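As the structure lists them, so they are numbered: ligands from 1, and atoms in each ligand from 1. Residue numbers start at 1 and run along the sequence shown. Just so it is clear, the model here is predicted, and its values are computed rather than measured.
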Amino acid sequence: MTTTENSRRDFLVHASKAMALGVSCVAGLPGAAFPAPHTRISATGAGAKPVPYGAAVRVDALTSDMSYRAAVIANCQVVVPEGEMKWPDIHPARGEYRFEKADTLVDFARQNNIEVRGHTLAWYGGMPAWTAAIGSRAEAERELVGHIETVVSRYRGMIPSWDVVNEPLVDWPDDESSLRPSIWMSRLGPDYLPIALRATATADPDTRLVLNEYDVEFEGARFAARRKALVRLLRSLRDRDVPLHAVGLQAHLFAGRAIDRDGLQELLAEIVALKLDVLITELDVIDYGLPGEVSERDALVAGIAARFLETVCDVVRPGAILTWGLSDRYTWVPTYFKRPDGMPNRPLPLDAEFRRKPLFGVIEEYRRKTV
Ligand code: XIL
């Protein structure tokens, strides 16, 4: 199914027919058994229920690996597609959208009463080749807004939280410029942020708008500069009345990078003062610098995550905690951070056989901690 004409309306008609036939399918229709938005990715504030836990998932594996599918169902209250809602998958050519995999995920989630987070709409990375030909400012605005209208409105009422803007900061910001180059920056300048956020709010007025960023938790001048630039960016959006509900801390943690407790807590206090929620969106512990021995390594990984979660949960209750993958069987880490000893990476809460690791217990503990 490739298409421009494959609209939300067609999708919902298909969904309602499928439901009438008793076939499970996504339905944002009145009375559909999809949880109301925001019932689980909640606003900041102590509540009786544990913080929802979730993971990035791979749709192909969900349909081909039944043990993985069962582990996702058993452990996740939230899922986010690792790649299937990114531009190359969903909008591979100009005017051509492909929704099969994203639909499969949304359908899977609805069947299992799992919430979906959307990821991502405005990112510098992983853009399909055709977007390099976007020439003028007007064309860029048309393409960005058109993409957001098409994708977000298709899943309106079904995706209560979107990573609208992903990784907007340069690696090492300074006072002059802190926004990362991208097709959007080069054609629209910093206006691409309000354009994307407003377009998402228009396409689904109930979805929570998230700005997602990485490398803001560690000790060192680069990370301090990133925290400062992030606060400056959030304030400038607020000053211009740009809609935004939450900041996502990706939290790709590393052995050998210490958490800056004061720096991170100051950042969180600024975010809270701006009345924004905090989500942990992509937690994992990159273990390429850790010893090979598995039980020792798993304990160190759990300790690194505990230090981070303790620092965060001391000042704010996150709206959700998601890891970037659920099981070591499916993780992005070896693509970029393969271990020198050739042993498989172990960055996630479940091992490659879906057994719980100490990291799982740490996340469970902090899901239940109240500020
Ligand atoms: C990664 C995926 O895990 C990979 O499979 C893909 O090849 C590249 O992107 N921060 C993000 C995610 O926001 O989208 C990235 O996901 C990991 C870093």
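- The ring pair (Phe, Tyr, Trp, His ring centres under 6.0 Å) with His252 is formed by just one residue from the set Phe218, Phe308, Trp332; it is Trp332.
- Remark: Arg226 is positioned above the aromatic ring of Tyr214, its terminal NZ or CZ atom under 6.0 angstrom from the ring centre and at most 45 degrees off the axis.
- Considering Leu233, Val164, Asp163 as possible partners of Leu211, the one that fulfils the side chain to side chain contact (heavy atoms under 4.5 Å, CB included) test is Leu233.
- With a 4.5 Å cut-off on side-chain heavy atoms, Asp284 and Phe337 do not count as touching.
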Enumerate the pairs of nitrogen or oxygen atoms, one from ligand 1 and one from the protein, separated by less than 3.5 angstrom; state names and distance to 0.1 Å.
residue: ligand 1; atom: 3 (O); partner: Glu82; partner atom: OE2; Å: 2.6
residue: ligand 1; atom: 3 (O); partner: Trp324; partner atom: NE1; Å: 2.9
residue: ligand 1; atom: 5 (O); partner: Glu82; partner atom: OE2; Å: 3.1
residue: ligand 1; atom: 9 (O); partner: Lys86; partner atom: NZ; Å: 3.0
residue: ligand 1; atom: 10 (N); partner: Glu167; partner atom: OE2; Å: 3.1
residue: ligand 1; atom: 10 (N); partner: Gln250; partner atom: OE1; Å: 3.4
residue: ligand 1; atom: 10 (N); partner: Glu282; partner atom: OE1; Å: 2.9
residue: ligand 1; atom: 13 (O); partner: His119; partner atom: NE2; Å: 3.4
residue: ligand 1; atom: 13 (O); partner: Asn166; partner atom: ND2; Å: 2.9
residue: ligand 1; atom: 13 (O); partner: Gln250; partner atom: NE2; Å: 3.2
residue: ligand 1; atom: 13 (O); partner: Glu282; partner atom: OE1; Å: 3.3
residue: ligand 1; atom: 13 (O); partner: Glu282; partner atom: OE2; Å: 2.8
residue: ligand 1; atom: 14 (O); partner: Lys86; partner atom: NZ; Å: 2.7
residue: ligand 1; atom: 14 (O); partner: His119; partner atom: NE2; Å: 2.7
residue: ligand 1; atom: 16 (O); partner: Lys86; partner atom: NZ; Å: 3.2
residue: ligand 1; atom: 16 (O); partner: Trp324; partner atom: NE1; Å: 3.2

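- One finds a salt bridge joining Asp175 and Lys228 here, because a Lys/Arg side-chain nitrogen approaches an Asp/Glu carboxylate oxygen to under 4.0 Å.
- Atom OH of Tyr288 sits in a sparse spot, with 12 or fewer heavy atoms from other residues, nucleotides or ligands closer than 6.0 Å.
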